[in-house]
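Only one structure is covered here, and it is reproduced in the block below.
Residue numbers start from 1 in every chain, and the chains themselves are labelled A, B, ... in the order their sequence lines are given, proteins ahead of strands.
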Amino acid sequence: MNAHESALLEDLNDPQREAVLHHGGPLLVLSGAGSGKTRVITRRVAYLVKVHEVFPWRILAVTFTNKAAREMRERLVQLLGRQANDLVVSTFHSSAAMILRREAEHVGLTRSFVIYDDGDQLNVVKRAMREAGLEQSMQPREILSRIDQEKNQARLPEDMEVEPGDERGLLVQRIYHAYQERLRAANAVDFGDLLLLLVTLFRKRPEVLENYRRRFHHVLVDEFQDTNPVQYALLKQLAPPPSANLVVVGDDDQSIYRWRGADVDNILNFPREYPGAKVVKLEQNYRSDRNILDAAYEVIRKNTRRMEKKLWSDRPAGQTLQLMLNRDERMEAQEVARQILALQREGFIKFSSMAVFYRVNAQSRVLEEALRLARVPYTLVSGRSFYDRAEVRDASAYLRLMVNPRSDADLLRIINTPARGIGDTTVERVVDHANTRNQSLYEVLAEPGLIPALNTTAVKRLRTFHGLLESLHRYAQGTTDAASAVDEMLRETKLVETLVAEGSDESTTRAENLREFLGAAQEFDLNRAAAAVAAASGPRVEVPPEVDAAPLSADTPPLQAFLEQISLVGDADAEVGEGRVALMTLHAAKGLEFDAVFLTGLEDGVFPHSRALKGEDPDNGEEMAEERRLCYVGFTRARKRLFVSLAQCRSLFGELRYNPPSRFLRDVPPKLFGISEQDIPEPPRPAPMAAPRKRTWDEDDGPRIDRSYSQTSDMDGVSGDVRGMRVRHEQFGVGRIVAADGTGPNAKVTVEFGGAVGLKRVIARFLMPG
DNA sequence: TGGAGTCGCATTTTT
DNA sequence: TGCGACTCCA
């Protein structure tokens, strides 16, 4: 064993080492939460390069998020130094984009194609619908999501499986078709296309695929449980069964993106798709105290279709989980804030090592308010932000038009931004004209005089606008860096100028954002230059003549590359704020870890989400299984302390609801909460009137927290001021209390039920909280 | 052209 | 309840 080798195998446990040393052929690494999978992937890559002397450009490592790709790359740079430059480490989407750009002409695009985001997609759908005269038929949003799903399943319009009588399906198919045509005409693709077009190309042109197979001898995939069918198809093309060197790493228990097309079966069936694949389980957890792991296991083991594995740990049992019972969501939020302060004061846990999770974003508001009130510093971790702002998107639209003037969606976005007197009617006429002539808007605008029914002012304004685009386009072709293009664009379009002139606080901020946008371009150029230097100074290895080993991004011009970064990478560093508690959805929490975690809203209907509760057999449904996995993900983020909280009643979407405690709580043995069966804390009473009816309770194995809760909460009667409260009557439906006469269960209550029912006087005990 | 008013809708959102 | 999309008017 030489020095490299032993250094790379150092401090790995047996299965980790086995995965790193794996000789070749398919390998599935089932890596439980906190079991060191990134370490395994990076060490394996380094081992291939250093010990087996595999050329780095032969290795393709794909992840789902940019963050994961960045982290992986950083660790590989530490392990491999300069050699890491030749590796391809990127997300599915960016590697596909890079390959697609190289092969653009095969799929009816040019190299300057642009990538449409969600908003652009929706506009294209709307346009396609309007044109087909189908505006009223279905919600554009729904159509778009159906199109996305089809793309996730690797299906083009003609591949859609539509039942003969399925009107809506046929409609989707028709619009999907028109939508694709529009994208191609605009020299644009959407996220789904990046993968789908590539898979289709590889299918149709095996010789193109062959080039990439010859090059990439090793493919590694992180978070494999989240792959959707197109992604898997692509992997199978690049690293075909049965014997390719494909290493997939993932955890079926953490598959939480089914609704985005991810398919757990990909990981569950992997050994069947790649017969003879080696399977390594990483079950030693280095993150969480044992009580936390045990609780997580009790929740996840209820799922039937999973690969059995149980995390274990050398770590101490640690403290028990803490259950927080609250009257309502405000109290929940206050308690979370209080506990956070207590932990910080006494527990030596920093704010930055704490996090609050919730199932739906709507829960965050109350939490934020309470934290603000308690002066707890926090950051809300949410998706993209900077590049989503209207002004930044306007600027990006101009940039995209600079490289690709045919991009109609972008043109429509900025045709009157800043205001240049081109109104809706004019735009409509331009669009109609373009449609009849089957040309792009930009082409049509070259001769605005030909557009029917336009007055001379409109023609003049359109001409000026076209001139602006033309000169920007010309500029972009001559430029060698992103920043100068942005600078030129901002100057010519007067975007900043107009905002400054407006003079309001808001417009000033927006102008600032545009300057920041320029800053981002400058930074991009610097990074790119540095990367080029690093690449050039790296050791040039021999490359067999039949292999194209150039970096995938080699011939993406700078402005393109910058745009690609904006579309695919989004906000460069939306890192969790220093010294702040992190607030996020459970989905956003995947891949992170904290000393203390607060998991809120553990109520049936909130978490698990009410959608998963519907259906004939909710307990066995795939949706419920996914909620369960989400819970597992939430639990396993915690290193030392896990607080689990619920509220007896909660107003969500302006409606007061009494939800029973989450079924997931029942799965956790009481002792892990430090509850001794007899010693159940009495939850605070809900305010103001509904003293919940005590349920008679059959002994079962769950913690008896439910015992002090009502499941359906018939109201015991009237106490205090109940006016305005929402109630439900079996016969009359939902209404609001107008007045009450007396107290207790027999009090007479006047309720406004609305609609035909109107005012009714009913006895309190026939009402339920509504 | 944009600002106020209205309506309808409301998991999760890696790219 | 609170937001965003859309409409209508000055």
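The listed nucleotides are dT13(B), dT15(B), dT11(B); the one nearest the side chain of N66(A) is dT15(B). In this structure, the nucleotide among dT14(B), dT13(B), dT11(B) sitting nearest to the side chain of W259(A) is dT13(B).
Toward the 5' end of DNA chain B, the nearer of the two residues E626(A) and N416(A), judged by each one's closest nucleotide, is N416(A). The residue among T91(A) and R420(A) whose nearest nucleotide of DNA chain B lies closer to the 5′ end is R420(A).
With sequence neighbours left out, the side chain to side chain contact (heavy atoms under 4.5 Å, CB included) criterion links V427(A) to L412(A), I415(A), I422(A), V431(A). Applying the side chain to side chain donor-acceptor pair (under 3.5 Å) test to E150(A) and every residue at least two apart in sequence or in another chain returns R155(A). Evaluation of the ring pair (Phe, Tyr, Trp, His ring centres under 6.0 Å) rule for F92(A) yields F64(A) as partners, not counting sequence neighbours. Under the rule for a ring pair (Phe, Tyr, Trp, His ring centres under 6.0 Å), Y176(A) has no partner lying at least two apart in sequence or in another chain. Listed by chain and number, the residues in a side chain to side chain contact (heavy atoms under 4.5 Å, CB included) with S645(A) are M324(A), N326(A), E332(A), T600(A) (sequence neighbours excluded). Under the side chain to side chain contact (heavy atoms under 4.5 Å, CB included) criterion, V360(A) pairs with A362(A), Q363(A), H609(A), not counting sequence neighbours. Partners of T38(A) under the side chain to side chain contact (heavy atoms under 4.5 Å, CB included) rule, at least two apart in sequence or in another chain, are T42(A), R75(A).
Contact check on R258(A) versus E627(A) returns no salt bridge, with no Lys/Arg side-chain nitrogen under 4.0 Å from an Asp/Glu carboxylate oxygen.
Note: CG (N659(A)) to P (dT11(B)) measures 14 Å, nearest angstrom. Taking atom CE of M98(A) as the reference point, atom P of dT15(B) lies 15 Å away to the nearest angstrom. Taking atom CZ of F92(A) as the reference point, atom P of dT13(B) lies 21 Å away to the nearest angstrom. Rounded to an integer number of Å, the gap from R70(A) CZ to dT14(B) P is 14 Å. The nearest whole Å value for the distance from the CZ atom in R611(A) to the P atom in dT12(B) is 11 Å. Rounding to whole angstrom units, CD of residue E564(A) and P of dT15(B) are separated by 14 Å. Distance, N152(A) CG to dT13(B) P: 16 Å, rounded to whole Å. Following rounding to the nearest Å, L380(A) (CG) and dT13(B) (P) show an atom-to-atom distance of 10 Å.
The phosphate of dT13(B) (OP1 or OP2) has a side-chain N or O of T585(A) nearer than 4.0 angstrom. Using a 4.0 Å cut-off, some side-chain N or O of N361(A) falls inside it from OP1 or OP2 of dT12(B).
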Review item, nucleotides 6-10 of chain B N/O atoms under 3.5 Å of protein N/O:
none

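At the heavy-atom level, Q363(A) lies nowhere under 4.0 Å from the strands shown.
Look at H587(A) and the base of dT12(B); the rings do not stack under the cut-offs of 5.5 Å between centres and 30° between planes.
Considering every non-hydrogen atom in both S112(A) and N404(A), the closest pair reads O-CB, 3.4 Å.
Relative to the six-membered ring of F664(A), R628(A) misses at least one condition, a distance below 6.0 Å or an angle of at most 45° to the axis.
Of the C1' atoms belonging to dA5(C) and dT12(B), the separation is 22 Å, rounded to the nearest Å.
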For this session: At under 4.0 Å between heavy atoms, which parts of nucleotides 2-10 of chain C does protein reach? Answer with one letter per nucleotide, 5' to 3': B base, S sugar-phosphate only, - none.
Result: S---S----

